[in-house]
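Down below is the structure, laid out as C-alpha coordinates.
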Amino acid sequence: MEAIRAPRGTRDVLGDESWKWAHVLKVCREVACDFGYSEALLPIFEHTELFSRGIGDTTDVVEKEMYTFTDRGDRSITLRPELTASMVRSYLEHDMRRLPQPVKLWGWGPMFRYERPQKGRYRQFQQVDFEILGASSALADIETIDTSMELYRRLGISNLQVLINSVGCPNCRPAYRAALKTFMESRLGEFCDTCQSRFERNPLRVLDCKKPGCRELSESAPLVVDSLCGECREHFDVVTSGLSEIGAEVRVDNRLVRGLDYYTKTAYEILAGELGSQNAVCGGGRYDNLAEAIGGPHVPGVGFASGIERIVLTMEGQGAHPGEAPRTDVYVVTASPDSHMAAASLLHEIRVSGISADMDYMNRAVKAQMKHASSIGAGLVCIIGDEETSSGTVGIKDMTSGVQESAPREEVLARLAAWRESRGTGR
Ligand code: ATP
Ligand code: MG
(Lines give C-alpha, C1' and ligand atoms only; values in the text may rest on other atoms or scores of the structure.)
(Ligands and ions follow the chains in the order given, each with its own letter.)
Protein backbone atom coordinates (compact mmCIF):
# COMPACT_ATOMS: atom_id res chain seq x y z
CA MET A 1 0.00 0.00 0.00
CA GLU A 2 1.32 3.43 -0.89
CA ALA A 3 2.10 5.70 2.06
CA ILE A 4 -0.26 8.64 2.53
CA ARG A 5 1.29 12.01 1.89
CA ALA A 6 0.14 15.49 2.88
CA PRO A 7 -2.24 17.07 0.34
CA ARG A 8 -0.75 19.20 -2.45
CA GLY A 9 -0.11 22.78 -1.41
CA THR A 10 0.19 22.02 2.33
CA ARG A 11 3.39 21.92 4.35
CA ASP A 12 4.50 20.46 7.64
CA VAL A 13 6.32 23.11 9.66
CA LEU A 14 8.78 21.20 11.79
CA GLY A 15 11.68 21.57 14.21
CA ASP A 16 14.08 24.22 13.00
CA GLU A 17 11.35 26.06 11.16
CA SER A 18 8.65 25.87 13.82
CA TRP A 19 10.66 27.88 16.34
CA LYS A 20 11.13 30.57 13.71
CA TRP A 21 7.35 30.69 13.46
CA ALA A 22 7.09 30.90 17.24
CA HIS A 23 9.50 33.83 17.12
CA VAL A 24 7.49 35.60 14.41
CA LEU A 25 4.28 35.17 16.41
CA LYS A 26 5.97 36.38 19.58
CA VAL A 27 7.08 39.56 17.81
CA CYS A 28 3.59 40.00 16.30
CA ARG A 29 2.12 39.75 19.77
CA GLU A 30 4.57 42.33 21.13
CA VAL A 31 3.83 44.73 18.26
CA ALA A 32 0.09 44.18 18.80
CA CYS A 33 0.49 45.13 22.48
CA ASP A 34 2.60 48.20 21.74
CA PHE A 35 0.18 49.43 19.08
CA GLY A 36 -2.96 48.63 21.09
CA TYR A 37 -4.51 45.67 19.24
CA SER A 38 -6.33 42.91 21.06
CA GLU A 39 -6.21 39.35 19.82
CA ALA A 40 -9.23 37.76 18.14
CA LEU A 41 -9.30 33.98 17.75
CA LEU A 42 -11.90 33.34 15.07
CA PRO A 43 -13.27 30.18 13.45
CA ILE A 44 -11.43 28.61 10.55
CA PHE A 45 -14.67 28.03 8.66
CA GLU A 46 -17.51 30.47 8.06
CA HIS A 47 -20.73 30.63 6.05
CA THR A 48 -19.83 30.90 2.36
CA GLU A 49 -21.88 34.11 1.92
CA LEU A 50 -19.51 35.95 4.26
CA PHE A 51 -16.81 35.70 1.61
CA SER A 52 -18.93 35.77 -1.54
CA ARG A 53 -20.63 38.95 -0.36
CA GLY A 54 -17.65 40.43 1.49
CA ILE A 55 -14.73 39.71 -0.83
CA GLY A 56 -16.91 39.88 -3.94
CA ASP A 57 -18.09 37.04 -6.14
CA THR A 58 -16.16 38.15 -9.22
CA THR A 59 -12.76 37.99 -7.51
CA ASP A 60 -10.23 35.23 -8.13
CA VAL A 61 -10.44 34.22 -4.49
CA VAL A 62 -14.21 33.65 -4.55
CA GLU A 63 -14.48 32.46 -8.15
CA LYS A 64 -11.62 29.99 -8.22
CA GLU A 65 -9.82 29.58 -4.92
CA MET A 66 -12.25 28.81 -2.11
CA TYR A 67 -12.51 25.51 -0.28
CA THR A 68 -16.29 25.30 -0.12
CA PHE A 69 -18.35 22.31 0.90
CA THR A 70 -21.81 21.44 2.13
CA ASP A 71 -21.80 20.24 5.71
CA ARG A 72 -24.02 17.50 7.12
CA GLY A 73 -26.65 20.08 8.01
CA ASP A 74 -26.81 21.17 4.36
CA ARG A 75 -25.08 24.52 4.97
CA SER A 76 -22.58 25.93 2.52
CA ILE A 77 -19.37 26.31 4.48
CA THR A 78 -16.03 27.76 3.37
CA LEU A 79 -12.58 27.38 4.90
CA ARG A 80 -11.57 31.01 5.36
CA PRO A 81 -9.38 32.38 2.55
CA GLU A 82 -8.50 35.48 4.61
CA LEU A 83 -9.34 37.09 7.95
CA THR A 84 -10.69 40.58 7.28
CA ALA A 85 -14.25 39.51 6.47
CA SER A 86 -14.33 37.34 9.62
CA MET A 87 -13.00 40.22 11.73
CA VAL A 88 -15.77 42.49 10.47
CA ARG A 89 -18.35 39.72 10.96
CA SER A 90 -17.15 39.32 14.54
CA TYR A 91 -17.24 43.09 15.17
CA LEU A 92 -20.85 43.20 13.99
CA GLU A 93 -21.94 40.01 15.71
CA HIS A 94 -20.60 41.19 19.07
CA ASP A 95 -21.94 44.69 18.55
CA MET A 96 -18.50 46.18 19.07
CA ARG A 97 -19.94 49.56 18.07
CA ARG A 98 -20.85 49.78 21.77
CA LEU A 99 -17.15 49.91 22.63
CA PRO A 100 -14.95 53.01 22.46
CA GLN A 101 -13.92 53.40 18.82
CA PRO A 102 -11.90 52.41 16.98
CA VAL A 103 -11.71 48.72 17.85
CA LYS A 104 -8.30 47.31 16.99
CA LEU A 105 -8.08 43.57 16.46
CA TRP A 106 -5.30 41.28 15.42
CA GLY A 107 -5.31 37.59 14.68
CA TRP A 108 -3.35 34.84 12.99
CA GLY A 109 -3.84 31.33 11.73
CA PRO A 110 -4.27 29.18 8.65
CA MET A 111 -6.03 30.43 5.50
CA PHE A 112 -7.06 28.25 2.57
CA ARG A 113 -6.97 29.02 -1.14
CA TYR A 114 -7.03 26.55 -4.00
CA GLU A 115 -4.02 27.94 -5.88
CA ARG A 116 -1.20 26.52 -7.98
CA PRO A 117 1.39 25.66 -5.32
CA GLN A 118 4.92 27.04 -5.73
CA LYS A 119 7.54 28.64 -3.53
CA GLY A 120 5.75 31.12 -1.25
CA ARG A 121 2.32 30.05 -2.50
CA TYR A 122 0.42 27.27 -0.77
CA ARG A 123 -3.14 26.03 -0.44
CA GLN A 124 -2.98 26.19 3.31
CA PHE A 125 -0.90 29.15 4.46
CA GLN A 126 -0.78 31.30 7.57
CA GLN A 127 -1.43 34.99 7.94
CA VAL A 128 -1.12 37.56 10.67
CA ASP A 129 -3.78 40.17 10.34
CA PHE A 130 -4.22 43.61 11.93
CA GLU A 131 -7.44 45.61 11.58
CA ILE A 132 -8.66 49.00 12.82
CA LEU A 133 -12.46 49.05 12.81
CA GLY A 134 -14.68 52.08 13.21
CA ALA A 135 -12.24 54.81 12.13
CA SER A 136 -12.49 56.62 8.81
CA SER A 137 -9.52 58.89 9.54
CA ALA A 138 -6.50 58.69 7.24
CA LEU A 139 -4.44 58.50 10.45
CA ALA A 140 -5.68 54.94 10.86
CA ASP A 141 -4.45 54.05 7.35
CA ILE A 142 -1.05 55.51 8.24
CA GLU A 143 -0.99 53.56 11.48
CA THR A 144 -1.58 50.20 9.82
CA ILE A 145 1.35 50.73 7.44
CA ASP A 146 3.48 51.92 10.34
CA THR A 147 2.47 48.81 12.32
CA SER A 148 3.47 46.46 9.53
CA MET A 149 6.80 48.23 8.98
CA GLU A 150 7.57 48.09 12.70
CA LEU A 151 6.75 44.39 12.70
CA TYR A 152 9.24 43.77 9.88
CA ARG A 153 11.85 46.02 11.51
CA ARG A 154 11.64 44.03 14.77
CA LEU A 155 11.96 40.81 12.79
CA GLY A 156 15.17 42.11 11.23
CA ILE A 157 13.67 42.47 7.73
CA SER A 158 14.73 45.46 5.66
CA ASN A 159 14.75 46.56 2.03
CA LEU A 160 11.02 46.34 1.56
CA GLN A 161 9.11 48.21 -1.06
CA VAL A 162 5.78 49.71 -0.03
CA LEU A 163 3.43 50.36 -2.94
CA ILE A 164 0.35 52.43 -2.31
CA ASN A 165 -2.63 53.59 -4.33
CA SER A 166 -6.15 54.85 -3.91
CA VAL A 167 -8.88 52.75 -5.50
CA GLY A 168 -11.61 55.32 -4.88
CA CYS A 169 -15.01 54.88 -3.31
CA PRO A 170 -18.60 54.29 -4.48
CA ASN A 171 -18.84 58.03 -5.30
CA CYS A 172 -16.00 58.11 -7.77
CA ARG A 173 -15.93 54.53 -8.96
CA PRO A 174 -18.87 54.67 -11.40
CA ALA A 175 -17.07 57.33 -13.49
CA TYR A 176 -13.88 55.29 -13.44
CA ARG A 177 -15.71 52.09 -14.26
CA ALA A 178 -17.31 53.79 -17.26
CA ALA A 179 -13.91 55.09 -18.46
CA LEU A 180 -12.38 51.65 -18.06
CA LYS A 181 -15.23 49.97 -19.93
CA THR A 182 -14.91 52.39 -22.80
CA PHE A 183 -11.21 51.61 -22.95
CA MET A 184 -11.76 47.85 -22.83
CA GLU A 185 -14.65 47.72 -25.25
CA SER A 186 -12.55 48.53 -28.29
CA ARG A 187 -10.12 45.62 -27.64
CA LEU A 188 -12.31 43.23 -25.67
CA GLY A 189 -11.45 40.22 -27.85
CA GLU A 190 -7.78 40.50 -26.87
CA PHE A 191 -8.41 40.01 -23.12
CA CYS A 192 -8.46 36.53 -21.58
CA ASP A 193 -11.77 34.68 -21.19
CA THR A 194 -12.03 35.45 -17.47
CA CYS A 195 -11.49 39.16 -18.04
CA GLN A 196 -14.02 39.15 -20.86
CA SER A 197 -16.57 37.50 -18.62
CA ARG A 198 -15.89 40.09 -15.91
CA PHE A 199 -16.17 43.00 -18.31
CA GLU A 200 -19.85 43.61 -17.49
CA ARG A 201 -19.90 42.64 -13.85
CA ASN A 202 -16.58 43.94 -12.57
CA PRO A 203 -14.20 45.51 -15.10
CA LEU A 204 -11.81 46.64 -12.32
CA ARG A 205 -10.72 43.04 -11.82
CA VAL A 206 -9.04 43.18 -15.22
CA LEU A 207 -6.32 45.38 -13.72
CA ASP A 208 -5.45 42.59 -11.29
CA CYS A 209 -5.27 39.84 -13.93
CA LYS A 210 -1.85 38.18 -13.83
CA LYS A 211 -1.91 36.95 -17.47
CA PRO A 212 0.87 38.63 -19.49
CA GLY A 213 -1.48 39.52 -22.39
CA CYS A 214 -3.99 41.26 -20.09
CA ARG A 215 -1.18 42.97 -18.20
CA GLU A 216 0.15 44.44 -21.37
CA LEU A 217 -3.28 45.60 -22.50
CA SER A 218 -4.06 47.24 -19.15
CA GLU A 219 -0.77 49.21 -19.29
CA SER A 220 -2.60 51.84 -21.27
CA ALA A 221 -5.87 51.66 -19.30
CA PRO A 222 -7.13 54.82 -17.60
CA LEU A 223 -6.00 55.26 -13.99
CA VAL A 224 -8.38 55.30 -11.05
CA VAL A 225 -6.36 58.11 -9.51
CA ASP A 226 -7.48 60.40 -12.33
CA SER A 227 -11.14 59.83 -11.43
CA LEU A 228 -10.93 60.24 -7.63
CA CYS A 229 -13.58 62.40 -5.96
CA GLY A 230 -12.50 65.29 -3.73
CA GLU A 231 -12.83 63.28 -0.53
CA CYS A 232 -10.78 60.33 -1.83
CA ARG A 233 -8.15 62.68 -3.27
CA GLU A 234 -7.77 64.46 0.06
CA HIS A 235 -7.69 61.20 2.02
CA PHE A 236 -4.95 59.87 -0.25
CA ASP A 237 -2.93 63.09 0.11
CA VAL A 238 -3.12 62.90 3.91
CA VAL A 239 -2.04 59.25 3.87
CA THR A 240 0.95 59.83 1.60
CA SER A 241 2.12 63.00 3.34
CA GLY A 242 1.59 61.42 6.78
CA LEU A 243 3.70 58.46 5.76
CA SER A 244 6.55 60.68 4.65
CA GLU A 245 6.18 62.61 7.92
CA ILE A 246 6.88 59.42 9.91
CA GLY A 247 9.74 58.56 7.59
CA ALA A 248 8.09 55.62 5.85
CA GLU A 249 9.35 55.22 2.33
CA VAL A 250 6.45 54.42 0.09
CA ARG A 251 6.01 54.52 -3.64
CA VAL A 252 2.73 55.52 -5.23
CA ASP A 253 1.79 52.90 -7.80
CA ASN A 254 -1.30 54.00 -9.66
CA ARG A 255 -1.72 50.57 -11.25
CA LEU A 256 -2.09 48.78 -7.94
CA VAL A 257 -5.52 47.30 -7.35
CA ARG A 258 -5.93 44.52 -4.86
CA GLY A 259 -7.48 41.13 -5.52
CA LEU A 260 -10.42 41.67 -3.19
CA ASP A 261 -13.43 43.84 -4.03
CA TYR A 262 -13.89 45.37 -0.61
CA TYR A 263 -11.08 47.90 -0.83
CA THR A 264 -11.98 51.60 -0.89
CA LYS A 265 -9.55 54.52 -0.91
CA THR A 266 -6.18 53.25 0.33
CA ALA A 267 -4.76 50.00 -1.06
CA TYR A 268 -1.20 48.90 -0.44
CA GLU A 269 1.18 46.05 -0.91
CA ILE A 270 4.61 45.45 0.58
CA LEU A 271 7.12 43.60 -1.58
CA ALA A 272 10.32 41.77 -0.69
CA GLY A 273 12.89 41.08 -3.39
CA GLU A 274 13.91 37.79 -1.73
CA LEU A 275 10.57 36.18 -2.51
CA GLY A 276 10.99 35.85 -6.28
CA SER A 277 7.73 35.90 -8.20
CA GLN A 278 5.56 35.54 -5.05
CA ASN A 279 6.98 38.83 -3.87
CA ALA A 280 4.15 40.26 -1.74
CA VAL A 281 4.84 39.86 1.94
CA CYS A 282 1.86 42.01 2.92
CA GLY A 283 -1.40 43.29 1.46
CA GLY A 284 -3.71 45.82 3.00
CA GLY A 285 -5.98 48.76 2.68
CA ARG A 286 -9.24 50.43 3.62
CA TYR A 287 -12.61 48.69 3.29
CA ASP A 288 -15.32 51.16 4.29
CA ASN A 289 -18.15 49.19 2.66
CA LEU A 290 -17.34 45.69 3.80
CA ALA A 291 -19.58 45.80 6.89
CA GLU A 292 -22.56 46.86 4.79
CA ALA A 293 -21.78 44.26 2.14
CA ILE A 294 -22.21 41.53 4.75
CA GLY A 295 -25.46 42.96 6.07
CA GLY A 296 -24.29 45.32 8.80
CA PRO A 297 -24.37 49.08 9.32
CA HIS A 298 -21.67 51.38 7.92
CA VAL A 299 -18.40 50.61 9.70
CA PRO A 300 -15.22 52.01 8.16
CA GLY A 301 -12.10 49.89 8.53
CA VAL A 302 -8.52 49.54 7.46
CA GLY A 303 -5.91 46.83 7.96
CA PHE A 304 -3.40 44.44 6.51
CA ALA A 305 -2.51 40.77 6.34
CA SER A 306 0.96 39.32 5.99
CA GLY A 307 1.82 35.73 5.07
CA ILE A 308 3.93 34.01 7.72
CA GLU A 309 5.59 31.62 5.22
CA ARG A 310 6.68 34.63 3.17
CA ILE A 311 7.88 36.47 6.30
CA VAL A 312 10.02 33.45 7.22
CA LEU A 313 11.32 33.09 3.64
CA THR A 314 12.26 36.79 3.61
CA MET A 315 14.02 36.49 6.96
CA GLU A 316 15.97 33.49 5.68
CA GLY A 317 16.79 35.29 2.44
CA GLN A 318 18.08 38.32 4.33
CA GLY A 319 19.89 36.33 7.02
CA ALA A 320 17.72 37.94 9.73
CA HIS A 321 18.39 36.27 13.06
CA PRO A 322 15.19 34.71 14.34
CA GLY A 323 16.21 34.56 18.01
CA GLU A 324 17.64 31.58 19.89
CA ALA A 325 16.33 28.11 19.13
CA PRO A 326 15.01 26.43 22.26
CA ARG A 327 17.60 23.95 23.52
CA THR A 328 17.76 21.20 26.08
CA ASP A 329 19.95 22.37 28.96
CA VAL A 330 20.56 19.12 30.79
CA TYR A 331 20.66 15.42 29.96
CA VAL A 332 20.37 12.82 32.71
CA VAL A 333 22.54 9.76 31.98
CA THR A 334 21.67 6.48 33.69
CA ALA A 335 24.84 4.50 34.28
CA SER A 336 23.07 1.34 35.43
CA PRO A 337 19.58 -0.10 34.90
CA ASP A 338 18.96 0.05 38.68
CA SER A 339 19.24 3.83 38.65
CA HIS A 340 16.46 4.41 36.10
CA MET A 341 13.91 5.54 38.66
CA ALA A 342 16.42 7.75 40.48
CA ALA A 343 17.27 9.35 37.13
CA ALA A 344 13.60 9.81 36.25
CA SER A 345 12.92 11.49 39.56
CA LEU A 346 15.94 13.82 39.17
CA LEU A 347 14.75 14.61 35.63
CA HIS A 348 11.32 15.55 36.99
CA GLU A 349 12.83 17.86 39.65
CA ILE A 350 15.08 19.58 37.10
CA ARG A 351 12.16 20.26 34.76
CA VAL A 352 9.92 21.48 37.58
CA SER A 353 12.66 23.95 38.56
CA GLY A 354 12.33 25.50 35.09
CA ILE A 355 15.42 24.01 33.46
CA SER A 356 14.87 21.98 30.31
CA ALA A 357 16.04 18.40 30.58
CA ASP A 358 15.80 14.98 29.01
CA MET A 359 16.96 11.38 29.49
CA ASP A 360 17.23 8.15 27.55
CA TYR A 361 14.19 5.89 27.05
CA MET A 362 15.82 3.63 24.46
CA ASN A 363 18.09 1.52 26.68
CA ARG A 364 21.22 3.08 25.22
CA ALA A 365 24.63 2.26 26.68
CA VAL A 366 26.32 5.08 28.63
CA LYS A 367 28.49 6.06 25.68
CA ALA A 368 25.48 6.24 23.38
CA GLN A 369 23.59 8.32 25.97
CA MET A 370 26.49 10.81 26.03
CA LYS A 371 26.36 10.96 22.25
CA HIS A 372 22.61 11.52 22.34
CA ALA A 373 23.11 14.30 24.92
CA SER A 374 25.51 16.12 22.65
CA SER A 375 23.32 15.58 19.60
CA ILE A 376 20.44 17.41 21.28
CA GLY A 377 22.82 20.18 22.35
CA ALA A 378 22.69 19.57 26.12
CA GLY A 379 25.12 21.84 27.96
CA LEU A 380 25.35 19.72 31.09
CA VAL A 381 25.01 16.01 31.75
CA CYS A 382 23.99 14.59 35.13
CA ILE A 383 25.21 11.01 35.65
CA ILE A 384 23.50 8.59 38.01
CA GLY A 385 24.79 5.04 38.46
CA ASP A 386 25.18 2.49 41.27
CA GLU A 387 28.17 4.35 42.68
CA GLU A 388 26.35 7.69 42.76
CA THR A 389 23.23 6.12 44.25
CA SER A 390 25.16 4.53 47.10
CA SER A 391 27.15 7.68 47.87
CA GLY A 392 24.14 10.01 47.46
CA THR A 393 25.89 12.00 44.74
CA VAL A 394 25.39 12.89 41.09
CA GLY A 395 28.13 13.28 38.50
CA ILE A 396 27.89 16.59 36.62
CA LYS A 397 29.74 16.96 33.34
CA ASP A 398 30.07 20.26 31.52
CA MET A 399 29.77 19.32 27.87
CA THR A 400 31.62 22.42 26.68
CA SER A 401 34.70 22.18 28.91
CA GLY A 402 34.54 18.41 29.39
CA VAL A 403 35.10 18.90 33.15
CA GLN A 404 33.28 16.40 35.36
CA GLU A 405 32.71 16.70 39.09
CA SER A 406 30.63 15.06 41.72
CA ALA A 407 27.94 16.91 43.69
CA PRO A 408 25.78 15.85 46.65
CA ARG A 409 22.31 14.95 45.36
CA GLU A 410 20.64 17.74 47.37
CA GLU A 411 22.92 20.36 45.82
CA VAL A 412 22.33 19.37 42.19
CA LEU A 413 19.42 21.72 41.49
CA ALA A 414 21.26 24.73 42.91
CA ARG A 415 24.35 23.90 40.83
CA LEU A 416 22.27 23.54 37.66
CA ALA A 417 20.52 26.84 38.36
CA ALA A 418 23.88 28.62 38.87
CA TRP A 419 25.19 27.11 35.62
CA ARG A 420 22.09 28.20 33.73
CA GLU A 421 22.32 31.69 35.21
CA SER A 422 25.95 31.97 34.07
CA ARG A 423 25.19 31.07 30.46
CA GLY A 424 22.00 33.19 30.08
CA THR A 425 18.51 31.82 29.89
CA GLY A 426 18.40 31.33 26.13
CA ARG A 427 14.62 31.70 26.14
P1 ATP B 1 -0.71 37.28 -4.24
O2 ATP B 1 -0.75 38.46 -5.16
O3 ATP B 1 0.67 36.81 -3.95
O4 ATP B 1 -1.63 36.20 -4.68
P5 ATP B 1 -2.80 38.26 -2.59
O6 ATP B 1 -3.01 39.64 -3.07
O7 ATP B 1 -3.73 37.21 -3.06
O8 ATP B 1 -1.27 37.82 -2.85
P9 ATP B 1 -3.72 38.87 0.05
O10 ATP B 1 -5.06 38.34 -0.14
O11 ATP B 1 -3.55 40.32 0.11
O12 ATP B 1 -2.72 38.24 -1.02
O13 ATP B 1 -3.06 38.23 1.35
C14 ATP B 1 -2.08 38.93 2.12
C15 ATP B 1 -0.78 38.18 2.17
O16 ATP B 1 -0.97 36.79 2.44
C17 ATP B 1 0.03 38.19 0.88
O18 ATP B 1 0.74 39.39 0.74
C19 ATP B 1 0.94 37.00 1.10
O20 ATP B 1 2.02 37.35 1.96
C21 ATP B 1 0.05 36.03 1.82
N22 ATP B 1 -0.54 35.05 0.89
C23 ATP B 1 -1.63 35.21 0.09
N24 ATP B 1 -1.89 34.09 -0.60
C25 ATP B 1 -0.94 33.18 -0.22
C26 ATP B 1 -0.69 31.81 -0.54
N27 ATP B 1 -1.46 31.14 -1.38
N28 ATP B 1 0.38 31.20 0.04
C29 ATP B 1 1.17 31.87 0.92
N30 ATP B 1 0.96 33.14 1.27
C31 ATP B 1 -0.08 33.80 0.73
MG1 MG C 1 -3.64 35.77 -4.50
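Just follow the structure's listing: the first ligand is 1, and inside any ligand the first atom is 1. Note: hydrogens, waters and symmetry copies are ignored here, and every other heavy atom, side chains too, is used.
Closest approach of Val225 to Arg233, counting heavy atoms only: CG2-NH1, 3.5 Å. A pairwise comparison of heavy atoms in Arg80 and Pro43 identifies NH1-O, 3.3 Å as the closest pair. Counting all heavy atoms, side chain and backbone alike, His321 lies closest to His23 at O-NE2, 4.3 Å.
Note: Tyr268 and Phe304 have tilted aromatic rings, judged against thresholds of 30 and 60 degrees for the angle between ring planes.
Near ligand 1, residues Arg113, Glu115, Gly120, Arg121, Tyr122, Phe125, Gln127, Lys210, Arg258, Ala280, Val281, Cys282, Gly283, Ala305, Gly307, Arg310 come within 4.0 angstrom through at least one heavy atom.
Counting only heavy atoms from C-beta outward, the side chains of Val333 and Asp360 never approach each other to under 4.5 Å.
Between the side chains of Thr84 and Glu131, a donor-acceptor pair is found at a separation under 3.5 Å.
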